[in-house]
Enquirer: 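Quick one: the structure is below, questions incoming.
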Amino acid sequence: MSIYDTLNEQQRQGVFATEGPVLLLAGAGSGKTRVLTHRIAYLVEEKEVNPYNILAITFTNKAAAEMRERVDNLVGLEAGSAWIMTFHAACVRILRRYIERIGYENNFTIYDTDDQRTLIRDALKRFDMDTKIYKDKAVLAQISRAKDELITPDDMELAAGQDLRKKNVAKVYREYQRQLKASNALDFDDIICKTVELFTSCSEVLEYYQQRFRYIMVDEYQDTNTAQFKLVSLLAARHRNLCVVGDDDQSIYKFRGANVKNILEFEHFFPEAKVIKLEQNYRSTQNILDAANAVIRNNIERKDKRLWTDAGAGDKIEYHVYNSAFEEAYGIVSDIKKDVGNGAAYNDHAVLYRTNAQSRSLEEKFVELGVPYKIYGGVNFYGRKEIKDVLAYLKTIDNARDEVAIKRIINVPKRGIGTTTLDKISIYAQDNDCGLYAALVRCGEIPSISKATAAKVTGFVTMISAMRAKARELSVKELINEILNDIHYEEYLSDDDEPEEVADRMDNISELISKAAAYEAEAEVPSLSGFLEEVALVADIDGMDDSNNVVSLMTLHSAKGLEFPVVYLSGMEDGNFPSYMAVTSDDKSDLEEERRLCYVGITRAKKRLVMSMAKQRMIRGEVMICKSSRFVNEIPREYIAETGQGIRKPTPFGDVNAAEERLRAELPWNRPSGSIFSSGSSRISGSGYSAGVKRRQPTERPTFTKGAPVPAASEEELGYAAGDRVRHIKFGDGTVAKIVSGGRDFEVTVDFDTAGTKKMFASFAKLVKID
DNA sequence: GCCATTTCCCTTTTT
DNA sequence: GGGAAATGGC
């Protein structure tokens, strides 16, 4: 009996097909990690491949760690020299060794999103661009997408043609890259693109790695972007032993540049590829799978497949309609409590949601009812002010050219070096082409800076160089303590924070120090750069400890790749999930991505799936009236239980509507006069149509997703018609140009007097007829 | 240069 | 409702 006998036929095929390109279409819960780990074991033990020649790439450190552990269990530690790591970790490792060949220094810094935004804002300011039109976040997203596609600033400028915005973004993009390079820094995208650049410009480096990695495996292949595809293609070009594993139905990172075509067209790029489908699911019950299948089959852009199991039907899915988010939270937490009372463990349960903001009301109830929990994601630990301050000191010590770090700490704590002085120094640096730190050193030479101010700057420089000297002898942990002492950080915090907040921040710093100590204990060759790199590349979910007996709370995105006996999908409301953005988007594939996210959520559940919605939810301080998520309506009624664990029966149809009508009448925007709302967040409102808990037949799809709107006269339902004057809370007054029925909602086109022509859905637009 | 107040934007998801 | 940037007064 060998370890391969426990695999099913398709899984075995995946394990044994070691030579040539292989596409493994692995549905949720079909045992793909098992195939990958057994494949590595098979290569090492049966094919006598040196582990040194194996590269396995994942997206998260957690997945990499899990794979490493499982491989070690199968073949022992002898596979230690195989690279099993994330895209980013692998690329950083390569770049630390060879990046000098493309003009960076090996001790480059990694910039996070905050640092990126700082650079973008600086560039926008430098070019005197209107930040109302060029929002830093939007510009950054545009640049980031370009990088994912390996588009250079020159490419972008050429493609822009007469498009002024695009031209300007290209200009910012060029400046942004210049600044990154001046700071000897890479952003997340650069980590991939610069590796591609290194490979394409230095053939001997590429050849070295091609030679080395004879067998390459890529997990979650549906989430790769164009740059990552290029990287993998380059590495695999020599031996062509490339095995990619993924599921197009679980592609949920388009917003981050993932290109589903990589998996859909794999056979096009590698015509000799062997394709293996894994459709047997070992995780969930048939009812859960049927629900997942019913939802995902509404997507058009996908490879057809259908999950099945021989585990039996299992419990029906539960669906609860609550009056408010608070009731929903109470319902979920008390249900967990009851379950634990019946012998379940806390860590059998996970609560998933679309947006991080939803964790708040849940958290309150967990605290109130004394149920242990952990929230993953949300405010990043490394995004906290105090952590960023300390890290900026470390970065400045490690890489003198890191200008974002220098600018962050030069006046933290207050040293009397303000923006005016800093601007003067920046200009000097630019004029003399010498870098910010060099300009600081020479600030005595800058005529416009007074003696007194120059002395302060020199004091800073002296302190940093002293710290640099210490860094050579001290551990990272000791160095952080030195810094905190030298700059009297706690006193600085006490100046404007309350004592408890100071204590809180100092606790966070202690945690950072512990992480530094842990890093130094684990790393083969600990270094300051290494620590900063590890810190930059971790995700919150990486720290998940399955053995901790607490309930896990996280976004649907974070939940990918995980499984739990009991899963709660909370906030199943149209406008929340699918998100408002996706619902109103012109691009129908946005809605398909949300549906895939729903599919991911459903398939996390092993035994019990509990979905819920709140008819009223507070979003950004405003109460929103919500209707049931269209995804819930896509699940045939036969899979859904009528009652759920005795918490609450799904509210009868008529009641929902009656209750909603009453509520709506009381809402501020429905009162006759005096709307107090100024923001444009008209997310979800009462006009039009309410789905309640009604469920559609599986064959009946919302017309709106098919994109075949039927024109209809609709004045009665909406209270306005084409040609009428209407008022929108954000866009002001306008004339209705067109109303088109989209099956479940009306799509209204309005020519606004000042805001231009907008297309919107009636139920979200809160349009009011005016005379 | 510093501080308090106002204004803005935000919330879709993250390696 | 909240946090961070911009503004304006000292």
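Letters A, B, ... are given to chains in the order of the sequence lines, protein chains preceding strands, and every chain is numbered from 1. Atom set for the values below is all heavy atoms of this structure, side chains included, hydrogens, waters and symmetry mates excluded.
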Enquirer: If you only use heavy atoms from C-beta on, which nucleotide in B:dT13, B:dC2, B:dC9 is closest to the side chain of A:T355?
Expert: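 Nearest to the side chain of A:T355 among the choices is B:dT13.
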
Enquirer: Taking salt bridge (charged side-chain N to carboxylate O under 4.0 Å, His left out) as the cut-off, I'd like each qualifying pair that reaches into residues 355-365 of chain A, sequence neighbours left out, listed once.
Expert: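 Listed once each, the pairs are A:K365-A:E368.
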
Enquirer: Please check the phosphate of B:dT13 (OP1 and OP2 only) for any side-chain N or O of A:N356 closer than 4.0 Å.
Expert: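 For B:dT13, OP1/OP2 do have a side-chain N/O of A:N356 under 4.0 Å.
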
Enquirer: I want to verify a distance call: between B:dC2, B:dT14, C:dG2, whose nearest atom is closest to the A:H557 side chain?
Expert: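 Looking only at heavy atoms from C-beta outward on A:H557, the closest nucleotide is B:dT14.
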
Enquirer: Using the side-chain heavy atoms of A:R360, tell me which of these nucleotides is nearest: C:dG2, B:dC3, B:dT15.
Expert: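 Nucleotide nearest to A:R360's side chain: C:dG2.
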
Enquirer: Would you call A:Y253 stacked on B:dT13, i.e. ring centres under 5.5 Å apart with the planes less than 30° off parallel?
Expert: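 No; by the centre-distance and plane-angle rule, A:Y253 does not count as stacking on B:dT13.
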
Enquirer: Centroid-to-centroid, A:H557 to A:Y353, below 6.0 Å?
Expert: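 No - the distance between ring centres of A:H557 and A:Y353 does not fall below the 6.0 Å cut-off.
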
Enquirer: Starting from P on B:dG1, measure out to NZ on A:K424 and report it in whole angstrom.
Expert: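 Interatomic distance, NZ of A:K424 to P of B:dG1: 6 Å.
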
Enquirer: What's the closest nucleotide to the A:T421 side chain, out of B:dG1, B:dC3, B:dC9?
Expert: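 Output: B:dG1.
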
Enquirer: Thinking salt bridges, do A:D504 and A:R384 make one under a 4.0 Å N-O criterion?
Expert: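 Judged by the 4.0 Å cut-off on N to carboxylate O distance, A:D504 and A:R384 do not form a salt bridge.
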
Enquirer: Determine, step by step, whether A:Y492 and A:Y489 satisfy the ring-ring contact (aromatic ring centres under 6.0 Å, His included) criterion, reporting the C-alpha distance in whole Å, the side-chain angles of both residues, the deciding distance to 0.1 Å, and the verdict.
Expert: CA-CA 5 Å; A:Y492 157 74; A:Y489 194 69; 5.6 Å; yes

Enquirer: Output the rounded distance in Å from CZ (A:R596) to C1' (B:dT13).
Expert: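 Answer to the nearest Å: 13 Å.
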
Enquirer: Does A:N411 make a side-chain N or O approach to OP1 or OP2 of B:dC2 shorter than 4.0 Å?
Expert: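 Indeed, a polar side-chain atom of A:N411 lies that close.
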
Enquirer: When Watson-Crick pairs (N1 to N3 and N6-O4 or O6-N4) and G-U wobble pairs (N1-O2 and O6-N3) count only below 3.5 Å on both distances, what is the dot-bracket string of DNA chain C, with | for other-strand pairs?
Expert: .|||||||||

Enquirer: In terms of side-chain heavy atoms of A:T60, which of B:dT15, B:dT13, C:dA5 is nearest?
Expert: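 The answer is B:dT15, which lies nearest to the side chain.
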
Enquirer: Side chain of A:T420 only, please: which of B:dT14, B:dG1, B:dC9 is the nearest?
Expert: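 Between B:dT14, B:dG1, B:dC9, the one nearest the side chain of A:T420 would be B:dG1.
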
Enquirer: Would one find a side-chain N or O of A:S558 under 4.0 angstrom from OP1 or OP2 of B:dT14?
Expert: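 Yes, such a contact exists.
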
Enquirer: Of A:A357 and A:H88, whose nearest nucleotide on DNA chain B comes first from the 5' end?
Expert: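 Per heavy-atom nearest nucleotide, the more 5' residue is A:A357.
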
